[in-house]
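Structure first, then comments.
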Amino acid sequence: MVKLPHSFAMTTDNPYRALPSVDRLLADERLRPLGGGERPVVTQLVRQALETARGAVSAGRPAPTQDQIVESVLGLAEDVFHPTLRPLINATGVIIHTNLGRAPLSEEAIAAMAAVSSGYSNLEFDLEAGERGSRFLHLESVLQQLTGAEAAMAVNNNASAVLLALSALAHDREVIVSRGQAVEIGGGFRIPDVMRQSGGRLVEVGTTNRTYPRDYQDAITPDTVAVMRVHASNFRIVGFTETPGIDDLARLAHEHDVLLLDDLGSGCLLDTTQFGLAPEPTVQESLAAGADLAMFSGDKLLGGPQAGIIVGRSELVERLRRHPLARAVRMDKASIAALTATLLHYLRGEALEKLPVWRMIAAPLAEVRRRARRWARGIGPVAKVVDGRSMIGGGSLPEESLPTKLVAIAGDGAYVTDLARRLRRGDPPVVARIEKDALLLDPRTVPSRQDSTVIQAVTAALSE
Ligand SMILES: *Cc1c(COP(=O)(O)O)cnc(C)c1O
């Protein structure tokens, strides 16, 4: 038998006795809006709060009152019923921010998602024939029109597009990649690892900074199935460098009867030099040069939903569609709808006006300045408008930036860090850029309809 301490035997002194019962708490008025005892989750939260209260007692603290326990149940409910994934305001000036969800969608893309999600659709149904169809066909014609590709398909993201292509085409075969391109894209996506996972054998050629056509040529064996180019999306090697262009690679690959695979990363359809940015390789150039398959993301510079788009020769795309992995990495109907709507903006020649990513890139400096001034006026004398740069970000155009106007709130490191934290904890959260002696807010990455929300959020955070 367990021997209880004296105080436990004396029920009048037992502090646990002061705690309300589960039933009594469930009957409390203040918990009624949660649905009370009929909802198992509420009973569970009550038990959880009581457990914490017992913990306090066993640690020698006074027993929490019923009011305090009800408060903690309400706090727990607030956490449980609040989705952790929330919209926020990106005032960092990084246009394609992977941690903040990459590309915002156009209104048309959002409407297309809603339309196809609120009911049934012909996702895999051929309306003419009245029989089973393929989900891969919905995007094909618009992608053919835009890129000139013979065939096209889209999967969950570009990482799965590359994995699928290598699995379907390079299993037990060799794929030649320049040492300067055997890279890590981020989030643990490393070309050598993806190659291993696909069953392909990576043959690295050249050096980190210099690879010549003859390096590829010397590495071709009867086991070689492809040469692959990987776009260096998130870094740049400068100085004494050399990499064959896509034209040279195509010529070389085809002379030796091997495939040319092109992982474009961001996959741009527009000319970036019109905005004073470095040229980002376009999908059209890659195919025109002779890439057999080109792969790119839907939610980087394309400005659409998360997706991996694969364009190229019919016979290869067909092999990818039939591979078992294609089923595992397929896109869902809402994303297919959003991607189609996004691509249609390009086809109609309205991408710069309709797609938020391109609107932000194309926003004239005068407009950004006007908004920065409005923010600064709204916030008060602590806010100053200063020159700065907006970053493209997101594995596109490494190191490339656009001139911008920032709202700066000066302060020492601890003050600025704390202010940024208060902004992140607001509703909606505002994410700012922190520099050592200032908090910086870039209007370029904030839709103008949220100007007053930003001013209010900053004002509240400053007065907290
Ligand atoms: C971003 C990127 C990927 C991964 O694309 P996700 O759409 O994020 O899966 C693959 N390759 C390159 C070169 C990239 O830049």
Side-chain angles (χ1 to χ4, degrees), residues 94-105 109 139 143 152-167 170 175 177-198 200 202 204 211 226-237 243 246 249 260-269 272 277-283 285-286 291 293-312 320 325-326 328-332 335-336 338-339 342-343 357 391-400:
V94 180
I95 296 174
I96 302 166
H97 198 307
T98 296
N99 301 149
L100 304 185
R102 289 201 185 152
L105 298 178
L139 285 156
L143 281 167
M153 66 186 285
V155 293
N156 185 52
N157 57 5
N158 192 34
S160 37
V162 176
L163 178 62
L164 174 62
L166 291 174
S167 305
V175 179
V177 179
S178 159
R179 280 210 167 76
Q181 298 177 5
V183 298
E184 171 168 328
I185 309 304
F189 183 81
R190 291 171 154 199
I191 292 298
D193 297 341
V194 176
M195 192 73 74
R196 200 170 309 119
Q197 185 63 41
S198 74
L202 174 66
E204 288 182 58
T211 306
V227 164
M228 181 159 82
R229 176 175 80 156
V230 182
H231 181 47
S233 317
N234 49 9
F235 68 101
R236 193 192 280 158
I237 299 178
T243 318
I246 192 79
L249 288 181
L260 173 59
L261 309 179
D262 193 9
D263 175 7
L264 284 161
S266 184
C268 192
L269 295 173
T272 48
L277 298 167
E280 174 79 5
T282 67
V283 183
E285 278 163 13
S286 171
L293 278 187
M295 293 146 284
F296 55 101
S297 289
D299 54 355
K300 291 183 180 171
L301 276 175
L302 199 74
Q306 180 185 303
I309 300 161
I310 305 167
V311 292
L320 266 55
L325 249 191
V329 298
R330 72 185 186 183
M331 266 180 109
D332 80 302
S335 303
I336 294 174
L339 185 55
T342 302
L343 293 167
V357 162
M391 306 294 294
I392 305 299
S396 327
L397 293 166
E399 307 299 313
E400 285 295 307

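All ligand and atom numbering here is 1-based and tracks the order in the structure.
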- Region of R102 that comes within reach of ligand 1 [heavy atoms, distance under 4.0 Å]: side chain

- Non-hydrogen atoms of I310 and A161 that approach each other most closely: CG1-CB, 3.7 Å

- Message: Has Q181 got a side-chain atom pairing as donor or acceptor with V230's backbone, closer than 3.5 angstrom?
- Response: yes

- Query: Does some non-hydrogen atom of K300 fall short of 4.0 Å from ligand 1?
  - Reply: yes

- Item | Interfacing atoms of ligand 1 (cut-off 4.0 Å, heavy-atom, A159) | 4 (C), 5 (O), 6 (P), 9 (O)

- Message: With a cutoff of 4.0 Å, is V162 in contact with ligand 1, counting heavy atoms of the residue only?
- Response: no

- Message: Pairs of nitrogen or oxygen atoms closer than 3.5 Å, one from N158 and one from ligand 1: do any exist?
- Response: yes

- Scanning both residues in full, the closest heavy-atom pair of M153 with L320 reads SD-CB, 3.8 Å

- Query: Judged by atom type as modelled, is there a donor-acceptor pair below 3.5 Å linking the side chain of E285 to the main-chain atoms of T282?
  - Reply: yes

- Item | Heavy-atom nearest neighbour of atom 7 (O) of ligand 1 within options G298, S297, G265 | S297

- Message: With the threshold set at under 4.0 angstrom, would you say Q181 reaches ligand 1 through any of its heavy atoms?
- Response: no

- Is N158 reaching over with its side chain to a backbone N or O of F296, donor-acceptor style, under 3.5 angstrom? yes

- Query: Considering distance alone, does some N or O of H231 sit under 3.5 Å from an N or O of ligand 1?
  - Reply: no

- Looking only at heavy atoms, the pair that brings A294 and S286 closest together is CB-OG, 3.7 Å

- Is a side-chain donor or acceptor of E400 paired with a backbone partner of L277 at a separation under 3.5 angstrom? no

- Output the list of atoms in ligand 1 that are nearer than 4.0 Å to some heavy atom of F189, sorted by atom number. 10 (C)

